[in-house]
Undergrad: 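I am attaching a structure below and will ask some questions about it afterwards.
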Amino acid sequence: MIRGIRGAITIIEDKAEYVWGETARLVKEVAKQNKIEPEDIASVTISTTPDIHSAFPAKSVRTMPGWQYVPIMCMHEMDVPGALPLCIRVLLHVNTDTPQHEIQHVYLEDAVKLRPDLVK
């Protein structure tokens, strides 16, 4: 069975080191909280708000040990007025038997505002 696991994080400035560092931090935390190994992942979609354009966030995930074969795609979010700025979102498609209600979605930094109902 495949489940979708969401996560999001904000960065303080659009610089490559923040994009790469915080994306890796977010993905590692999603994997940790859900006890996921890279071989369990069917694919990862990463989106950024349009104000992030300094680097591809997928680069940081591809270089993590064991993640080089995970299919990863980056894109921009819709440019909606008033949306949370400098935000990186991830959607992991994971092969798991974990029931939907037990999936741990991860929101860090200002991204906790996106889904306060899911933040623990």
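Values below: all heavy atoms of this structure, side chains included; hydrogens, waters and symmetry mates excluded. On a predicted model such as this, the values are computed, not experimentally measured, just so you know.
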Undergrad: Between Val70 and Phe56, is there a shared hydrophobic cluster once you connect ILVMFWY residues whose side-chain heavy atoms come closer than 4.5 Å?
TA: no
Undergrad: Using 0.5 Å steps for rounding, measure from the CD1 atom of Ile2 to the OG1 atom of Thr96.
TA: 11.0 Å
Undergrad: Can you list the other members of the hydrophobic cluster that holds Val80, where links are side-chain heavy atoms under 4.5 angstrom apart?
TA: Met78
Undergrad: Say whether Ile103 and Leu118 are linked into one hydrophobic cluster, either directly or through other cluster members, by side-chain heavy-atom distances under 4.5 angstrom.
TA: no
Undergrad: Are Arg3 and Glu102 within salt-bridge range, i.e. N to O under 4.0 Å?
TA: no
Undergrad: Hey, could you give me the OH/CG distance between Tyr107 and Asp117, rounded to the nearest 0.5 Å?
TA: 8.0 Å
Undergrad: Would a hydrophobic clustering, with Ile, Leu, Val, Met, Phe, Trp and Tyr connected at side-chain separations under 4.5 Å, put Leu84 with Leu26?
TA: no
Undergrad: As a quick check of understanding, evaluate side-chain contact (heavy atoms from CB on, under 4.5 Å) for Ile36 and Ile5, giving each step before the final call.
TA: CA-CA 11 Å; Ile36 298 168; Ile5 305 176; 3.4 Å; yes
Undergrad: For Leu86, does its backbone N or O pair with a side-chain atom of Asp51 as donor and acceptor, under 3.5 Å?
TA: yes
Undergrad: Can you tell me how far CG of Leu108 sits from SG of Cys87, rounded to the nearest 0.5 angstrom?
TA: 10.5 Å
Undergrad: What is the distance from atom OH of Tyr69 to atom CZ of Arg62, rounded to the nearest 0.5 Å?
TA: 14.0 Å
Undergrad: At what distance, to the nearest 0.5 angstrom, does CD of Glu17 lie from CD of Glu22?
TA: 11.0 Å
Undergrad: As an exercise, state the distance from CD1 of Ile11 to CZ of Arg25, rounded to the nearest 0.5 Å.
TA: 12.0 Å
Undergrad: So, the side chain of Trp20 versus the backbone of Lys15: is there a donor-acceptor pair under 3.5 Å, distance only?
TA: no
Undergrad: Heavy atoms only: give me the nearest Pro116-Lys113 pair and the separation to one decimal.
TA: CD-O, 3.5 Å
Undergrad: Same hydrophobic cluster for Val112 and Leu91, using side-chain heavy-atom links shorter than 4.5 Å among ILVMFWY?
TA: no
Undergrad: With distance as the sole test, does Asp110 use its side chain to make a donor-acceptor pair with the main-chain N or O of Thr10 at under 3.5 Å?
TA: no
Undergrad: Which is it for Thr98 and Asn34 under the side-chain contact (heavy atoms from CB on, under 4.5 Å) test, yes or no, and what are the steps along the way?
TA: CA-CA 9 Å; Thr98 303; Asn34 290 281; 5.7 Å; no
Undergrad: Considering non-hydrogen atoms only, spot the tightest contact between Val19 and Ala55 and give its length.
TA: CG1-O, 3.8 Å
Undergrad: List, by chain and then residue number, the residues other than Met73 in its hydrophobic cluster (Ile/Leu/Val/Met/Phe/Trp/Tyr, side-chain heavy atoms under 4.5 Å); write none if there are no others.
TA: Met75
Undergrad: Pick one: which of Arg89, His76, His53 meets side chain to side chain donor-acceptor pair (under 3.5 Å) with Thr48?
TA: His76
Undergrad: According to a hydrophobic-cluster definition based on side-chain heavy atoms being under 4.5 Å apart (Ile, Leu, Val, Met, Phe, Trp, Tyr only), do Val90 and Leu114 belong together?
TA: no
Undergrad: Show me the side-chain donor-acceptor pairs of residues 40-47 shorter than 3.5 Å, one per line, residues at least two apart or across chains.
TA:
residue	atom	partner	partner atom	Å
Asp40	OD2	Glu37	N	3.1
Ser43	OG	His93	ND1	3.0
Ser47	OG	Glu77	OE2	2.4

Undergrad: At their closest point, which heavy atom of Ser60 faces which heavy atom of Thr63, and how far apart are they?
TA: O-OG1, 3.0 Å
Undergrad: Work out which heavy atom in Pro57 is nearest to a heavy atom in Cys74; give both atom names and the distance.
TA: CD-SG, 3.7 Å
